[in-house]
Number of protein chains: 2
Amino acid sequence: MATGRNHRPATSRSRGIPDATVARLPLYLRALTALSERSVPTVSSEELASAAGVNSAKLRKDFSYLGSYGTRGVGYDVEYLVYQISRELGLTQDWPVVIVGIGNLGAALANYGGFASRGFRVAALIDADPAMAGKPVAGIAVQHSDELERVIEENGVSIGVIATPAASAQPVADRLVAAGVTSILNFAPTVLSVPEGVDVRKVDLSIELQILAFHEQRKSGELPDDGRAVPGTDIGEDAGGGVTGSPVAPPAASVTKRTASAAPAATDRRGDEPGNDGDLPAVMPA
Amino acid sequence: MATGRNHRPATSRSRGIPDATVARLPLYLRALTALSERSVPTVSSEELASAAGVNSAKLRKDFSYLGSYGTRGVGYDVEYLVYQISRELGLTQDWPVVIVGIGNLGAALANYGGFASRGFRVAALIDADPAMAGKPVAGIAVQHSDELERVIEENGVSIGVIATPAASAQPVADRLVAAGVTSILNFAPTVLSVPEGVDVRKVDLSIELQILAFHEQRKSGELPDDGRAVPGTDIGEDAGGGVTGSPVAPPAASVTKRTASAAPAATDRRGDEPGNDGDLPAVMPA
DNA sequence: GGATGTGAAGATCTTCACAGCA
DNA sequence: TGCTGTGAAGATCTTCACATCC
């Protein structure tokens, strides 16, 4: 391993900075900003790591990808690091953003204070409902969908946020992309297909909750039951089709092995960027 | 390597199912549910993978951790898989959930259709604002914070969702945990510290946007400027303290190397479960 | 003395490619 | 023949442990 010295992880990805590291930079930045506001001049990797919730080794490794911004025996200069990370993340420039779908979620996003303070500027709020047009949300007048393309072009928007119902997500994404947007943050529970070169990140509550349920499940007892097609006879052959209600009935099917090992109580959390979804209700009205 | 045969990845984590796999199960479930509604009887790993946005090898590997639920030469039985994944995720049981902080975000969550249809049941909506008490949101009357403990105990709630401003998040988390909640989905941009055994997952818009900005940045040009403390003289020594506005001024500091390599245009998305935050405005009013 | 920076070892996760079964 | 199931190889990410430098 190690393609020689200076083996830098990261796929062929962006620059040489590993994705995992990029995902943590915002965390560090947040912790550093807090320290900066308290006028703390320097921090050790230990302290900062603690504030950011990671371990110090990881933090130092992450920073090493950015360069040598610390001082041995001392620590890191808070102000300087804030600047470097901001620059690395591209937050030193202005990013006009459009939010499409101004329902509860869209409104929540529009009101999100973390935007303005980090280089993001809400350039426009778009909604398909004519009744919403003109209404002020977070101090900005909502505009009708018809204005989408114009707004994007006039403001040079490259980042779009989709907070519409699932059904509208793909059409909206298509329009965003056609108008020039190259990065999309999708809150709708749908798999968006976009052309090469367009980045899509997704936030999905349903998935997060399901992951929590998974872990929660094995805290108490084991799985509800192996659920395997019962050997003898017992199930009343449910194999219907409706898969809507909460509890799902165990349909019979081709089963083979399915090893039911003892499950050691576990506690851990993990998040990830799966990639998409399938179809589901919406987070909120458009 | 391979600790023998049947080497199963996954840390010491839950059962033997890798976290990465658990994080994708909800995606598969969603895609399968859609197929189920269209009464599709079986799917090949290829088709399902496509619908879920992953590659087929990964999907087959993921399913292999659950057992052998497919039929060679045929594919997977949709209904059966829906059931198995639901069971594995713990969705065959009822999960009462409390949502704390009924602002725009909290309301959006309460209205989220994905809850009920997946075993999750909103047991109560809690808000600190007395004016909110009694108001119906998503058909449920909001209750005052004072009711929190009672509601949790009476309903056997083990999953709590925090949608309050950052400042209230930790106190709320403490109360949730004290009352018996062991899994928390946190939308507030703060690092929550909870006792061992309590799971915390976080959803952070600010972070997602920043990651997008990072990638967006290197689509166009390179970094705005190396930003390194200018060798000669040029910067007006900014090292002030305010780190609030969007563009951050480059403070001088101890710099050492910082290799500015050429950055190949990249396009990729990645999400992750960092672990926490530091401090920031709030997503919405409580 | 003290904390950073980092090669190397481990642990996971992903992808390949093909044996094996319906 | 077709597609699943999976050992093995790769690619990443994390953690260790210590040389290095203020």
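In what follows, every heavy atom counts, from backbone to side chain, and hydrogens, waters and symmetry copies are set aside. Protein chains get the first letters and strands the later ones, always in sequence-line order, with residue 1 at the start of each.
- To the nearest 0.5 angstrom, Ile17(A) atom CD1 is 3.5 Å from Glu88(A) atom CD.
- Toward the 5′ end of DNA chain D lies the nearest nucleotide of Val43(B), the other residue of the pair Val43(B) and Asn55(A) mapping further downstream.
- The side chain of Tyr65(A) places no N or O atom within less than 4.0 Å of a non-bridging phosphate oxygen (OP1 or OP2) of dC13(D).
- Distance, Arg24(B) CZ to dC13(C) P: 9 Å, rounded to whole Å.
- For Ser45(B), a side-chain nitrogen or oxygen approaches OP1 or OP2 of dT4(D) to under 4.0 Å.
- For Tyr69(B), no side-chain nitrogen or oxygen approaches OP1 or OP2 of dC3(D) to under 4.0 Å.
- Put simply, Lys61(B) has no side-chain N or O that comes within less than 4.0 Å of OP1 or OP2 on dT6(D).
- The CD-P distance, from Glu46(A) to dA17(D), rounds to 15 Å in whole Å.
- With hydrogens and angles ignored, the 3.5 Å screen pairs no side-chain donor or acceptor of Ser36(B) with any backbone N or O of Leu32(B).
- Scored by the ring pair (Phe, Tyr, Trp, His ring centres under 6.0 Å) test, Tyr76(A) finds Phe63(A) as partners (sequence neighbours excluded).
- Side chain of Ser64(B), nearest nucleotide from dG5(C), dG5(D), dT14(C): dG5(D).
- Within 6.0 Å of the CD atom in Glu46(A), the count of heavy atoms belonging to other residues, nucleotides or ligands does not exceed 12.
- A donor atom on one side chain and an acceptor atom on the other are found under 3.5 Å apart for Ser206(A) and Gln210(A).
- With rounding to whole Å, Tyr80(B) atom OH is found 15 Å from dT4(D) atom C1'.
- As rounded to whole Å, 8 Å separates atom C1' of dA3(C) from atom OH of Tyr76(A).
- Judged as a salt bridge (charged side-chain N to carboxylate O under 4.0 Å, His left out), the pairs with a partner in residues 62-73 of chain B (not counting sequence neighbours) are, in order, Arg24(B)-Asp62(B).
- For dT14(D), neither phosphate oxygen OP1 nor OP2 lies less than 4.0 angstrom from any side-chain nitrogen or oxygen of Arg60(A).
- Rounded to an integer number of Å, the gap from Gln84(B) CD to dT4(D) C1' is 16 Å.
- Side-chain atoms of Thr33(A) come within 3.5 Å of backbone N or O of Leu29(A) as a donor-acceptor pair.
- Taking atom NZ of Lys58(B) as the reference point, atom C1' of dT6(D) lies 17 Å away to the nearest angstrom.
- Taking atom CD on Glu47(B) and atom P on dC3(D), their separation rounds to 8 Å, with Å as the unit.
- Counting any heavy atom pair closer than 4.0 Å across all strands shown, Phe63(A) reaches no nucleic acid atom.
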Nucleotide N/O to protein N/O under 3.5 Å, stretch nucleotides 19-21 of chain C:
unit_1, atom_1, unit_2, atom_2, d
dG20(C), N3, Arg72(B), NH1, 3.3

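- The CG-C1' distance, from Asp19(A) to dA11(D), rounds to 12 Å in whole Å.
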